[in-house]
Amino acid sequence: MNQEGNNKEILAVIAGEEITQEEFDLFLQAVPREQQGYLSNPQFREQCLQQFIALRLFAKEGKEMKLDETDEFKSMITNAKRDILAQMVMQETMKSVSVTEEEMKLYYEANKAQYQRGETVRAKHILVDEEETCKEILAEIESGATAFETAAQEHSNCPSGSKGGDLGAFGRGQMVKEFEDAAFSAEIGNVVGPVKTQFGYHLIKVEEKNEATETPYEEVKAMVQRTLLQKKQNEAYSAKVQELREKYEQK
């Protein structure tokens, strides 16, 4: 194959028309984002090339069939041009949108609550089907006849029973409401229950509580940037639409 610079390399010839590396690279830019990571795979790139060649073959056949002279084709071309022009104007509008470090810090300070680490508890529980059984287990634990963890291993219906009932740390919204309310209001080290939920009756022992804390700016900087940039882009889009309405819409 001839080669005139890397991006001018001729990959195939279809009815006398050359397909260059440059054209293929443009085609690859349209590959769905979730497949972009595969582009370094030679087999995947070859599949893409064969697909690109097939499209050119179909296009050549369409030309032979004079489909480009039909009203349907002309209408589609008109619509495509309009869509491309609209996209290009939107791209030009967004080019001027940027976010400064100062704007990001001001936004973070004004919206710190959005970037808080919520309060969490670390707890263990015992789950049984009957309330009376739950009360009996509680009495054994409170009397010192058995440890909470041992009772969980012996009686709990939850898979966590094998770990002494340990659920690890969790925040609000991760457990059913009745369980969550009891766990977050319990004192560390005390066993509370029976607590009834849709799953049965629980005994809950809170091991640790962590209050909500502010997340440092540097940890959420990228998130702040994305949020603020999206906000400014939306504002720029709305402003441009209003400008164009005033310019082109008939009164």
inquiry  = Nearest 0.5 Å, please: how far is CD in Glu22 from CG in Leu11?
reply    = 11.0 Å
ask   = Under a single-linkage definition using a 4.5 Å side-chain heavy-atom cutoff for Ile, Leu, Val, Met, Phe, Trp and Tyr, are Tyr201 and Phe199 assigned to the same hydrophobic cluster?
value = no
query = Does Glu235 pair with Lys231 as a salt bridge, N-O distance under 4.0 Å?
reply = yes
request  = Mind checking the CE-CG spacing from Met223 to Leu228? Nearest 0.5 Å is all I need.
outcome  = 13.5 Å
message = Tell me the closest heavy-atom pair linking Phe184 and Gly171, and the distance in Å.
response = CZ-C, 3.8 Å
ask   = Around atom CD of Glu187, are there more than 12 heavy atoms of other residues, nucleotides or ligands at under 6.0 Å?
value = no
query = Should Lys196 and His202 count as side-chain neighbours, where that means a heavy-atom distance under 4.5 Å?
reply = no
Other residues, nucleotides, ligands: >12 heavy atoms within 6.0 Å of Glu101 CD = yes
key: Check: Lys81 and Ile77 side chains under 4.5 Å, non-hydrogen atoms   = yes
ask   = Under 4.5 Å between any side-chain heavy atoms of Val13 and Ile19, yes or no?
value = no
request  = For the residue pair Phe179 and His125, categorise the inter-ring angle as parallel (less than 30°), tilted (30 to 60°) or perpendicular (more than 60°).
outcome  = perpendicular
message = Quick one, Glu142 with Val191, criterion side-chain contact (heavy atoms from CB on, under 4.5 Å). Give me CA distance, side-chain angles, the key distance, then yes/no.
response = CA-CA 8 Å; Glu142 290 181 334; Val191 179; 5.7 Å; no
inquiry  = Within the 4.5 Å heavy-atom criterion, are Gln35 and Phe44 side-chain neighbours or not?
reply    = yes
Path from Leu26 to Leu55 over hydrophobic side-chain contacts below 4.5 Å = no
ask   = Going through the checks in order, is the side-chain hydrogen bond (donor to acceptor under 3.5 Å, both in side chains) test met by Glu46 and Gln50?
value = CA-CA 6 Å; Glu46 180 61 26; Gln50 294 309 316; 2.6 Å; yes
inquiry  = So, taking the atom named CZ in Arg33 and the one named CD in Gln36, what distance separates them when rounded to the nearest 0.5 Å?
reply    = 8.5 Å
note = Here the pair of heavy atoms bringing Pro159 nearest to Ser162 is O-OG, 3.1 Å
request  = Please lay out, stage by stage, how Lys124 and Glu207 fare under the test salt bridge (Lys or Arg N to Asp or Glu O under 4.0 Å).
outcome  = CA-CA 7 Å; Lys124 297 175 180 178; Glu207 302 278 291; 3.8 Å; yes
query = Which salt bridge (charged side-chain N to carboxylate O under 4.0 Å, His left out) pairs, counting each pair once, include a residue from residues 175-186, with sequence neighbours left out?
reply = Arg172-Glu180, Lys177-Asp181
ask   = Do you reckon Ile141 sits in the same ILVMFWY cluster as Ile188, going by side-chain contacts under 4.5 Å, direct or chained?
value = no
note = On a heavy-atom basis, the closest approach of Lys240 and Val89 is CE-CG1, 4.3 Å
query = Do the ring planes of Phe27 and Phe24 sit parallel (below 30°), tilted (30 to 60°) or perpendicular (above 60°)?
reply = parallel
ask   = Transitively linked via ILVMFWY side-chain contacts under 4.5 Å: Val128 with Val195?
value = no
query = Quick one: do the Asn234 and Gln230 side chains pair a donor with an acceptor below 3.5 Å?
reply = yes
message = So, taking the atom named CZ in Phe58 and the one named CG in Leu67, what distance separates them when rounded to the nearest 0.5 Å?
response = 12.5 Å
ask   = Does the side chain of Leu28 reach to within under 4.5 Å of the side chain of Arg45, using non-hydrogen atoms?
value = yes
key: Interatomic spacing from CD in Glu154 to OG1 in Thr146 - rounded to 0.5 Å   = 5.5 Å
query = Relative to the ring of Tyr108, is the ring of Tyr217 parallel (under 30°), tilted (30 to 60°) or perpendicular (over 60°)?
reply = perpendicular
task = Could you go through the side-chain contact (heavy atoms from CB on, under 4.5 Å) check for Leu203 and Val192 one step at a time?
result = CA-CA 6 Å; Leu203 294 177; Val192 297; over 6 Å; no
query = So which pairs with a foot in residues 133-157 pass ring pair (Phe, Tyr, Trp, His ring centres under 6.0 Å), sequence neighbours left out?
reply = none
query = Tell me, do Leu167 and Ser160 make a side-chain contact under 4.5 Å, heavy atoms counted?
reply = yes
message = Side chains of Gln47 and Gln51 only: does a donor on one sit below 3.5 Å from an acceptor on the other?
response = no
task = Grab the two heavy atoms, one from Ala123 and one from Ile204, that are nearest each other, plus how far apart they are.
result = CB-CG2, 4.3 Å
key: Glu149 and Lys205 ion-paired at < 4.0 Å   = yes
request  = Identify whether Leu106 and Tyr115 are in the same connected component of the hydrophobic contact network (ILVMFWY, side-chain heavy atoms under 4.5 Å).
outcome  = no
query = Is there a side-chain contact between Asn190 and Val206 (heavy atoms, below 4.5 Å)?
reply = no
Enclosure of Asp71 CG (heavy-atom neighbours >12, cutoff 6.0 Å) = no
Closest contact, heavy atoms only, Gly161 versus Ser156 = CA-CB, 4.1 Å
ask   = Short question: side chain of Ser143, backbone of Glu140 - any donor-acceptor pair under 3.5 Å?
value = yes
query = Residues in side-chain hydrogen bond (donor to acceptor under 3.5 Å, both in side chains) with Glu103, at least two apart?
reply = Thr100, Lys232
ask   = Please walk me through it: do Met94 and Tyr237 pass side-chain contact (heavy atoms from CB on, under 4.5 Å)?
value = CA-CA 8 Å; Met94 296 307 165; Tyr237 174 82; 3.8 Å; yes
Step-by-step side-chain hydrogen bond (donor to acceptor under 3.5 Å, both in side chains) determination, Asp25 to Gln29 = CA-CA 7 Å; Asp25 288 341; Gln29 291 178 17; over 6 Å; no
request  = Taking the side chain as every heavy atom from C-beta outward, state whether Glu119 and Asn210 have any pair of such atoms under 4.5 Å apart.
outcome  = no
request  = To the nearest 0.5 Å, tell me how far Cys134 SG sits from Ile126 CD1.
outcome  = 7.5 Å
inquiry  = If the threshold is 4.0 Å, N to carboxylate O, is there a salt bridge linking Arg117 and Glu219?
reply    = yes
key: Short N-O contact, Glu92 and Lys95, less than 4.0 angstrom   = yes
request  = Give the minimum heavy-atom separation between Lys209 and Ala186, together with the two atoms involved.
outcome  = NZ-O, 2.5 Å
query = Does a salt bridge link Arg56 with Glu23, judged by any charged N lying under 4.0 Å from a carboxylate O?
reply = yes
request  = Decide side-chain contact (heavy atoms from CB on, under 4.5 Å) for Glu109 and Lys112; before the verdict, give the C-alpha distance in whole Å, the side-chain angles of both, and the deciding distance to 0.1 Å.
outcome  = CA-CA 5 Å; Glu109 291 295 331; Lys112 277 187 176 180; 3.1 Å; yes
